[in-house]
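Read through the structure below, which is laid out as structure tokens, and then see the notes.
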Amino acid sequence: QVQLVESGGGLVQPGGSLRLSCAASGSIFSINDMAWYRQAPGKERESVATISYRSNTNYADSVKGRFTNSRDNVKKTVYLQMNSLKPEDTAVYYCNAGVIPGGRANELTYWGQGTQVTVSS
């Protein structure tokens, strides 16, 4: 069984910073792309940032220059450093990963449970 567990959310003032982490555990052969999504109240879930196994990254236009996605393949962990946070960044942030579980040949998509980020004064 593969699990993704996010941490690092919380309440921060506008202009502040937070660092989210997402650790994968369980029977894992390899992890391909990892990504962060977010969902604000009343809105659809949207992609925030993606990172390949070799750390090639892509970002939503709304977070470019403010958020940095990184990963540690040994620790099976992906990070999202969020700087210059704005109230519109308030959302539940979800981790997503394409995982080849141990003993399987095909990739499966897993989601974390989400972590709340609130940007407010």
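Note that this is a predicted model, so its numbers are computed, not measured. Note: hydrogens, waters and symmetry copies are ignored here, and every other heavy atom, side chains too, is used. Quick note: residue numbers are just sequence positions, from 1.
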Linked, directly or transitively: L85 and Y79 (ILVMFWY side chains, under 4.5 Å):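 L85 does not cluster with Y79.
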Salt-bridge criterion met for D61 and K64 (N-O under 4.0 Å):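 Salt bridge between D61 and K64, a charged N being under 4.0 Å from a carboxylate O: yes.
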Please give me the minimum heavy-atom distance between [X] and [Y], naming the atom from each residue.
{"X": "A97", "Y": "I31", "answer": "CB-CG2, 4.1 Å"}
{"X": "S47", "Y": "A60", "answer": "O-CB, 3.5 Å"}
{"X": "G9", "Y": "V117", "answer": "CA-CG2, 4.2 Å"}
{"X": "V78", "Y": "S70", "answer": "CG2-O, 3.2 Å"}
{"X": "R38", "Y": "A91", "answer": "CB-CB, 3.8 Å"}
{"X": "V2", "Y": "S27", "answer": "CG2-O, 3.6 Å"}

Main-chain N/O of S121 paired with Q13 side-chain donor or acceptor, under 3.5 Å: no
Side-chain (T118) to main-chain (T90) donor-acceptor, under 3.5 angstrom: no
Spacing of [atom1] belonging to [X] relative to [atom2] belonging to [Y], to within rounding of 0.5 Å:
{"X": "R19", "Y": "N83", "atom1": "CZ", "atom2": "CG", "answer": "11.0 Å"}
{"X": "N58", "Y": "T50", "atom1": "CG", "atom2": "OG1", "answer": "4.5 Å"}
{"X": "S62", "Y": "D89", "atom1": "OG", "atom2": "CG", "answer": "7.0 Å"}
{"X": "S55", "Y": "N73", "atom1": "OG", "atom2": "CG", "answer": "6.0 Å"}

Audit row: N96, R45, side chain to side chain contact (heavy atoms under 4.5 Å, CB included) steps and yes/no: CA-CA 12 Å; N96 165 288; R45 191 173 296 190; over 6 Å; no
Candidate pair V99 and L108, rule side chain to side chain contact (heavy atoms under 4.5 Å, CB included), full reasoning: CA-CA 5 Å; V99 177; L108 300 176; 5.7 Å; no
Those residues that, when tested against T68, pass side chain to side chain contact (heavy atoms under 4.5 Å, CB included) (two or more places apart):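 So T68 forms a side chain to side chain contact (heavy atoms under 4.5 Å, CB included) with Y59, Q81.
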[X] versus [Y]: any side-chain heavy-atom pair under 4.5 Å?
{"X": "W36", "Y": "C22", "value": "yes"}
{"X": "M82", "Y": "R66", "value": "no"}
{"X": "K75", "Y": "S21", "value": "no"}
{"X": "S25", "Y": "V5", "value": "no"}
{"X": "I100", "Y": "N32", "value": "yes"}
{"X": "T115", "Y": "S7", "value": "no"}

Any donor-acceptor N or O pair under 3.5 Å, side chains R71, N69: no
Residues forming a ring pair (Phe, Tyr, Trp, His ring centres under 6.0 Å) with F67, sequence neighbours excluded: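 If we apply the ring pair (Phe, Tyr, Trp, His ring centres under 6.0 Å) test to F67, skipping adjacent residues, there are no hits.
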Whichever hydrophobic residues join V92 through chains of side-chain contacts under 4.5 Å: Y37, Y94, W111
Within 6.0 Å of CD in Q1, more than 12 heavy atoms from elsewhere: no
